[in-house]
Amino acid sequence: MVYLASIRNFRTNTLSGISPMNLPSDYPYDIYRGFERVLIAQNRIENALEVAEQGRFRAINNLLVTHLAVTSKLQHISVTPSIDKIQQIAKVQNSTLVQYSLLYDANQMYQLSRFALRSDRTYAYAEALFIWVIQPTGEISFRQVNLKHFWRQNLFLASVVRNLREFPKVSHPEKTENKSNNLWQQLYQLLIEPIADLLPKEPLSRIIFIPQDFLFLVPFSALQDSTGTYLIEKYLIRTAPSIQILDISNRNRKQEKTREKIPLLPALIVGNPAMPSIYLQFDEPPVPLPNLPRAEKEAKIVAKLLGSKALIGTRATKKTVMQQMKTAKVIHLATHGLLDYLEELSAAIALAPSCEDDGFLRLSEIMAAKLNAELTVISACDTSRGKIWGDGVALLSQAFIAAGVSSLILSLWASPDTPVDFLMSKFYTNLLQSGDKALSLRNAMLATMQQYPAPRNWAAFTLIGEAD
């Protein structure tokens, strides 16, 4: 009854021109998404986009406070973008923005909440997908997908994402490649096909995807149409936690000092630090995280390209890394990233422990830092392995951008060693020449695709924030 009354009040207020800027952003049923339904039913797609953007921005900040007890530097932002501001952001980015909003079956979520089940099962009941497409010209279009239609085929969007993420881990991936390709095409059918006619026709056009929940774990670059063409073969692709974060990352970019001819120095390169220990069970002794010889090799390759020196083993202490982070123009961390791993370490990066600390660089410490890096790369073994709904990806990206970083490249899974080394070498070589991160990542992916065709080898990395 409270929920229905809130919607009635919202309907009355919005009809009189009052924006719901002080509404709660948390459970039950995610009230913002309820308001989206009401506005879409009224064919008020622009108002629904404003509410969707407000809800996702507040939800991420709410996660920081409630789950991590972190005070976000972005909490002071009380006004989320109006339609005019959203259109301006699309123009400044010179990109087509694609914003997704997932709507869930309220009855199923209520049943799960009665038993305190906040798990993957919650997201199995995504029943509808709202998609807004904002062109660089400011034109806004809307499409929706009835996901319930696919339930009858026992096809759940969250399950497709989870199954696809399992393929990089199989022992004999060549035996599952055909099934994997089918999943890439299923995701294309669900996420891209409904808006395909709205996407740019010119080659190398720029698209920024703004996902939600478990869609943060989707490697959009590898989505494949019925002809077998991957999305990265057509476009320059980035992602963002919200449209507002794009505005913040752009301001970070403008606040950076005058660019040098080679904008990547000084560089902080970390690979395979002496690993800290973690409690896997509360009644068992701590266990060191496994060493990453592959990450050490990657760090040395990157350091050589940038004319820098990698911090390896015991040299990569948390204290040393945090000191160098303050002045680094590029930060490359090849180590374990723990997202949603344990409550205490729900977002942390593994560094070498010392007598002063346990070696974990936590989200709160990242957000408290004052960074001026143009690029942070987290090429980690466990990055984004957490809950299927992808909170960790949103939290980590928002933390670095709030700290002052303008661009973040994040790995969504651990790719095979040789392809990662090849991709990173191509990426930094391209970046030193062009300065365009989106173009450099695309070219590196395409080059890796030629040598190692399976998406598990080249599609793990996603660019968040600014392109150059």
Side-chain angles (χ1 to χ4, degrees), residues 25-26 30 32 52-81 85-86 89 93 97 99-102 208-218 238-253 255 325 331 333 337-341 345-349 361-378 380 383-387 389-412 437 461-467:
S25 63
D26 54 357
D30 192 342
Y32 281 90
E53 175 62 18
Q54 178 189 355
R56 75 177 56 231
F57 188 77
R58 289 195 174 187
I60 296 172
N61 279 316
N62 184 57
L63 278 171
L64 292 168
V65 174
T66 59
H67 291 281
L68 301 178
V70 174
T71 301
S72 171
K73 294 180 180 179
L74 307 180
Q75 280 186 296
H76 68 280
I77 300 175
S78 58
V79 179
T80 48
K85 181 64 175 177
I86 289 172
I89 291 170
Q93 294 287 337
L97 311 184
Q99 175 145 314
Y100 293 97
S101 188
L102 286 158
I208 304 175
F209 292 102
I210 298 102
Q212 191 173 48
D213 297 339
F214 58 85
L215 295 183
F216 277 108
L217 303 177
V218 172
R238 288 181 280 155
T239 60
S242 67
I243 295 175
Q244 183 136 3
I245 282 291
L246 286 171
D247 188 42
I248 295 166
S249 66
N250 183 254
R251 274 185 278 162
N252 290 346
R253 174 70 186 83
Q255 289 171 2
M325 281 176 67
I331 300 168
L333 304 175
L338 308 180
L339 303 185
D340 303 321
Y341 198 94
L345 296 172
S346 52
I349 295 168
L361 178 60
R362 291 168 171 78
L363 196 73
S364 56
E365 294 168 310
I366 295 169
M367 296 198 70
K370 190 172 183 181
L371 306 179
N372 294 296
E374 296 181 14
L375 172 66
T376 295
V377 177
I378 304 179
T383 304
S384 307
R385 61 157 290 176
K387 302 182 181 75
W389 50 89
D391 291 347
V393 179
L395 290 172
L396 195 60
S397 56
Q398 183 142 323
F400 273 99
I401 290 173
V405 173
S406 57
S407 304
L408 177 73
I409 291 180
L410 187 67
S411 59
L412 298 178
K437 297 153 194 162
F461 294 93
T462 183
L463 173 61
I464 301 168
E466 296 302 292

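Note that this is a predicted model, so its numbers are computed, not measured.
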Asks: Taking side chain to side chain contact (heavy atoms under 4.5 Å, CB included) as the definition, give me every residue that meets it alongside Pro211, ordered by chain and number, with sequence neighbours left out.
Replies: Leu215, Phe216, Phe220
Asks: Ile464 and Ala240: which non-hydrogen atoms are nearest, and at how many Å?
Replies: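 Heavy-atom minimum between the residues: CG2-CA, 4.2 Å.
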Asks: What's the separation between atom OG in Ser397 and atom CD1 in Ile245, rounded to the nearest 0.5 Å?
Replies: 7.0 Å
Asks: Which atom pair, heavy atoms only, marks the closest approach of Leu217 to Leu412?
Replies: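 Between these two residues, the closest heavy atoms are O-CD1, 3.8 Å.
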Asks: Are the side chains of Lys85 and Asp247 in contact, using a 4.5 Å heavy-atom criterion?
Replies: yes
Asks: Any donor-acceptor pair under 3.5 Å linking the side chain of Glu365 with the backbone of Arg362?
Replies: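 It does hold such a pair.
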Asks: How far apart are the closest heavy atoms of Leu246 and Glu466, and which atoms are they?
Replies: O-OE2, 3.6 Å
Asks: Sub-3.5 Å donor-acceptor pair from the side chain of Glu53 to the main-chain atoms of Pro81, do we have one?
Replies: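 The answer is no, because no donor-acceptor pair under 3.5 Å joins these two groups.
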Asks: Show your working on side chain to side chain contact (heavy atoms under 4.5 Å, CB included) between Met325 and Leu361 and close with a plain yes or no.
Replies: CA-CA 12 Å; Met325 281 176 67; Leu361 178 60; 4.0 Å; yes
Asks: Ignoring hydrogens and geometry, is there a side-chain-to-backbone donor-acceptor pair from Lys437 to Glu374 under 3.5 Å?
Replies: yes
Asks: For Thr376, give me all partners under side chain to side chain contact (heavy atoms under 4.5 Å, CB included), at least two apart in sequence or on another chain.
Replies: Ile331, Ala373, Ile378, Phe400, Val405, Leu408
Asks: Could you tell me which non-hydrogen atom of Ser407 sits nearest to which non-hydrogen atom of Leu463, and how far apart they are?
Replies: CB-CD1, 4.2 Å
Asks: Indicate the atoms forming the closest heavy-atom contact of Gln212 with Leu102, along with that distance.
Replies: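 Closest approach of Gln212 to Leu102: OE1-N, 2.7 Å.
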Asks: Sequence neighbours excluded, which residues qualify as side-chain hydrogen bond (donor to acceptor under 3.5 Å, both in side chains) partners of Arg238?
Replies: Gln93, Ser95
Asks: Tell me every residue that passes side-chain hydrogen bond (donor to acceptor under 3.5 Å, both in side chains) with Thr239, counting only those two or more places apart in sequence or in another chain.
Replies: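 Checked Thr239 against side-chain hydrogen bond (donor to acceptor under 3.5 Å, both in side chains); matches are Thr462.
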Asks: Nearest 0.5 Å, what's the CG-CE distance between Leu396 and Met367?
Replies: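 Answer rounded to 0.5 Å: 10.5 Å.
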Asks: Taking C-beta and beyond as the side chain, do Val377 and Leu333 meet within less than 4.5 Å on heavy atoms?
Replies: no
Asks: Using side chain to side chain contact (heavy atoms under 4.5 Å, CB included) as the criterion, list what pairs up with Ala52, not counting sequence neighbours.
Replies: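 Residues passing side chain to side chain contact (heavy atoms under 4.5 Å, CB included) with Ala52: Glu36, Gln99, Trp132.
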Asks: Kindly compute the distance separating CD1 (Ile210) from OG (Ser101), expressed to the nearest 0.5 Å.
Replies: 12.0 Å
Asks: Would you say Gln244 and Ile86 make side-chain contact, with heavy atoms under 4.5 Å?
Replies: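 Answer no - side chains too far apart.
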